[in-house]
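This report concerns only the one structure given below.
When reading the values below, keep in mind they use all heavy atoms of this one structure, side chains included, and skip hydrogens, waters and symmetry mates.
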Amino acid sequence: MSLDFGPATALSCRECGTRYDLGPSFACLECFGPLEAAYSFGDVRREDIEAGPSNIWRYRSLLPVPADVATKPNMNPGWTKLVKAGNLGRALGLKSLHVKDDSGNPTHSFKDRVVAIAVEAARNFGFHTLSCSSTGNLAGAVTAAAARAGLDACVFIPADLEQAKIAMARVFGGKLIGIDGTYDEVNRFCSELIGDPLGDKWGFVNVNLRPYYAEGSKTLAYEIAEQLGWRLPEQIVIPIASGSQLTKIDKGFKELIALGLVEDRPYKVFGAQAQGCSPVSAAYKAGHDVVQPVRPDTIAKSLAIGNPADGPYVLDIARRTGGAVEDVTDAEIVEAIRLLASTEGIFAETAGGVTVGVLKKLTENGVLDPEAETVVLNTGDGLKTLDAVSGDAQPTAVIKPSLDAFRAAV
């Protein structure tokens, strides 16, 4: 089999550094540490990137994909808006605030980025079925990408997900299997399925394709830097589910520095969790290096991973950069969703409520520098989590169709 992963040359263990040939592997045979893509980058120039398409393939020379990736059937996500959030900034007392709004992706979440990379890996390995364990957004991204790529799909979710996410995952075809259990239990089931004949030639995007899939999150770092005029933000607030997105954004920033594409200057990384599923935040506050698993209980279901695989690496990054990890209650999540909507016209899902809520909390507590250039991530569309804000969603007034009635009401 001839494999083409562009600049990616090997898989490398993040713990012991052992290298392996590129393949559908995700754990080191020496120490069981996680594997990630390692690269041999050529001459990467800003002008070449800027001449590329308005999606993540403008960064193909930094990703584990073939040079002709843009010519293949894919969802072509990315190049979403970086919104100058002056109204929200003034409400919170932040001088320079931006919202990276990834709700503009094809299935309305950042998961389209990571799945786009996983699809190319699945093609490389000759897989015929795309699969995943999912808290909701990933399921929709996988079934949509599989439909576009001409692959079969079978995705697994906790059975109690938001109805909008279930409907989206189902409409693209394929099989959608609900499991009576938490996301962590769903993920364990998928790991078992990989070793069974039923799962032969299946690409589980966040298991046996994880080293490739996870690299898609780097494109958030690349876009933010390019959209800021080829500079890194001084502060960034990122949601934590498995923790992979945060670790890969940090990896992307470091790659840009190493390649001379941005100035090497300090940046602080802040992680955001819902209080009902905050094992990384709890470990950070306790000064621990080990993340103790929890059973999730929060409205932020897309972040409800009680045993986050990248949790220890998130702690390392937060501490190394001078950042922090914080959490907010469900009530604070709802308040933050409404605050972002009423100030910037951006309707975030509950994960976005978590990041904006943590942004607000860190600012009020004096942890964030109000003068520093700050970016906060919104990773999904509020239309997927309507239940969070629909409890008291009623018309401001119900009137007869007359001017007198309107005057009386206002």
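Panel note: side chain His108, backbone Gly380; no donor-acceptor pair is recorded below 3.5 Å. For Thr385 (side chain) and Ala388 (main-chain N/O), no donor-acceptor pair under 3.5 Å exists by modelled atom type. Judged by distance alone, with hydrogens and angles left aside, the side-chain atoms of Ser134 form a donor-acceptor pair with the main-chain N or O of Ala139 at under 3.5 Å. Formation of a donor-acceptor pair under 3.5 Å by the Asp112 side chain with backbone atoms of Pro77 is not found in this model. Counting only distance, with no hydrogens or angles, the side chain of Asp4 and the backbone of Gly6 share a donor-acceptor pair below 3.5 Å. Of the possible donor and acceptor atoms, none in the side chain of Asn365 sits under 3.5 Å from a partner among the backbone N and O of Val367. Side chain of Ser109 to main chain of Asn105: no donor-acceptor pair is present (N/O by atom type, distance under 3.5 Å, no hydrogens or angles).
Atom NZ of Lys285 has more than 12 heavy atoms from other residues, nucleotides or ligands within 6.0 Å. Other residues, nucleotides and ligands contribute over 12 non-hydrogen atoms within 6.0 Å of the CZ atom of Arg320. Heavy atoms of other residues, nucleotides or ligands lying less than 6.0 angstrom from CZ of Phe41 number more than 12.
Side chain to side chain, Gln275 and Ser278 fail the donor-acceptor criterion of an N or O pair below 3.5 Å.
Partners of Glu364 under the side chain to side chain donor-acceptor pair (under 3.5 Å) rule, at least two apart in sequence or in another chain, are Lys360. Considering only residues two or more places apart in sequence or on other chains, Lys251 meets the salt bridge (Lys or Arg N to Asp or Glu O under 4.0 Å) condition with Glu36, Glu215. Partners of Asp297 according to the salt bridge (Lys or Arg N to Asp or Glu O under 4.0 Å) rule, which considers only residues two or more places apart in sequence or in another chain, do not exist here. Under the side chain to side chain donor-acceptor pair (under 3.5 Å) criterion, Arg265 pairs with no residue, sequence neighbours left out. Residues satisfying the salt bridge (Lys or Arg N to Asp or Glu O under 4.0 Å) test with Glu192, not counting sequence neighbours, are none. Taking the salt bridge (Lys or Arg N to Asp or Glu O under 4.0 Å) definition, one finds that Glu226 meets it with Arg58, sequence neighbours left out.
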Self-check item: Worked verdict on Asp250 versus Tyr267 for side chain to side chain donor-acceptor pair (under 3.5 Å)
Solution: CA-CA 9 Å; Asp250 177 65; Tyr267 60 89; 2.6 Å; yes
Practice problem: Evaluate side chain to side chain donor-acceptor pair (under 3.5 Å) for Asp101 paired with Asn378, printing each intermediate quantity in order. | Solution: CA-CA 5 Å; Asp101 185 13; Asn378 173 44; 2.9 Å; yes
Exercise. I would like to know whether Asn307 and Asn187 meet side chain to side chain contact (heavy atoms under 4.5 Å, CB included); could you show each step before the answer?
Key: CA-CA 10 Å; Asn307 188 17; Asn187 198 42; over 6 Å; no
Exercise. Test Asp327 against Ser281 for side chain to side chain donor-acceptor pair (under 3.5 Å), laying out the working first.
Key: CA-CA 6 Å; Asp327 56 81; Ser281 176; 2.6 Å; yes
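At least one side-chain heavy atom of Leu386 sits less than 4.5 Å from a side-chain heavy atom of Phe347. Inter-residue side-chain proximity for Tyr59 and Glu223 is flagged as met; some heavy-atom pair is nearer than 4.5 Å. Put simply, the side chain of Leu22 reaches to within 4.5 Å of the side chain of Leu11, judged on heavy atoms. Using a 4.5 Å cut-off on side-chain heavy atoms (C-beta onward), Leu35 and Cys28 make contact. Pro308 places a side-chain heavy atom less than 4.5 Å from the side chain of Val280. Taking the side chain as every heavy atom from C-beta outward, Pro370 and Lys95 never approach each other to under 4.5 Å. A 4.5 Å side-chain heavy-atom check between Pro296 and Lys301 finds every atom pair outside the cut-off. By the 4.5 Å heavy-atom criterion applied to side chains, Phe270 and Thr321 are not counted as neighbours.
Between Asp48 and Arg45 there is a salt bridge, since at least one side-chain N of the basic residue sits less than 4.0 Å from a carboxylate O of the acidic one.
Here the closest non-hydrogen pair linking Val354 and Ala300 is CG2-CB, 3.9 Å. The shortest non-hydrogen separation linking Thr107 to Gly140 is CG2-O, 4.0 Å. Between Pro158 and Val186, the shortest heavy-atom distance links the atoms N-CG2, 3.8 Å. Across Phe26 and Val207, no two heavy atoms sit closer than the pair CB-O, 3.2 Å.
Here the NZ-CZ distance, from Lys201 to Phe127, works out to 7.0 Å after rounding to the nearest 0.5 Å. Residue Asn208 holds its CG atom at 6.5 Å from CZ of Phe204, rounded to the nearest 0.5 Å. Here the CG atom belonging to Leu315 is positioned 12.0 Å from the OG1 atom belonging to Thr247, to the nearest 0.5 angstrom. One finds the CG atom of Leu62 at 11.5 Å from the CD1 atom of Ile56 (value rounded to the nearest 0.5 Å). Within the model, atoms CG of Asn55 and CZ of Arg60 stand 9.5 Å from one another, a figure rounded to the nearest 0.5 Å. Residue Cys190 holds its SG atom at 7.0 Å from CG of Asn206, rounded to the nearest 0.5 Å.
Checked against a 6.0 Å centroid threshold, the rings of Phe5 and Tyr39 do not count as neighbours.
Contacts classified as side-chain hydrogen bond (donor to acceptor under 3.5 Å, both in side chains) and involving residues 140-164 (residues at least two apart or in different chains) are not found. Listed by first and then second residue, the side-chain hydrogen bond (donor to acceptor under 3.5 Å, both in side chains) pairs involving residues 345-357 are Asn137-Glu349, Lys165-Glu349, Ser302-Glu349 (not counting sequence neighbours). Residue pairs meeting the side-chain hydrogen bond (donor to acceptor under 3.5 Å, both in side chains) criterion with at least one partner in residues 74-93, sequence neighbours excluded, are Trp57-Asn76, Asn74-Glu120, Thr80-Lys100, Thr80-Asp102, Thr80-Arg113, Lys84-Ser96, Asn87-Arg90. Sequence neighbours left out, the pairs with a member in residues 9-21 that pass side-chain hydrogen bond (donor to acceptor under 3.5 Å, both in side chains) are Arg14-Asp310, Glu15-Tyr313.
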Anything under 3.5 Å between a donor and an acceptor, one on a side chain of residues 229-238, the other on a protein residue two or more places apart or in another chain? List them.
unit_1	atom_1	unit_2	atom_2	d
Trp230	NE1	Glu50	OE2	2.7
Arg231	NE	Glu373	OE1	2.9
Arg231	NH1	Leu228	O	2.5
Arg231	NH2	Glu373	OE2	2.7
Glu234	OE1	Glu373	N	2.8
Gln235	OE1	Asp369	N	2.7
Gln235	NE2	Asp369	O	3.3
Gln235	NE2	Thr374	OG1	2.7

Donor-acceptor pairs under 3.5 Å, side chain of residues 253-261 to any protein atom, not counting sequence neighbours: which ones?
unit_1	atom_1	unit_2	atom_2	d
Glu255	OE1	Lys218	NZ	3.0
Glu255	OE1	Tyr222	OH	2.4
Glu255	OE2	Lys218	NZ	3.1

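Checked against Val356 for a side chain to side chain contact (heavy atoms under 4.5 Å, CB included), the options Ile337, Val99, Leu340, Ile333 give a single hit: Leu340.
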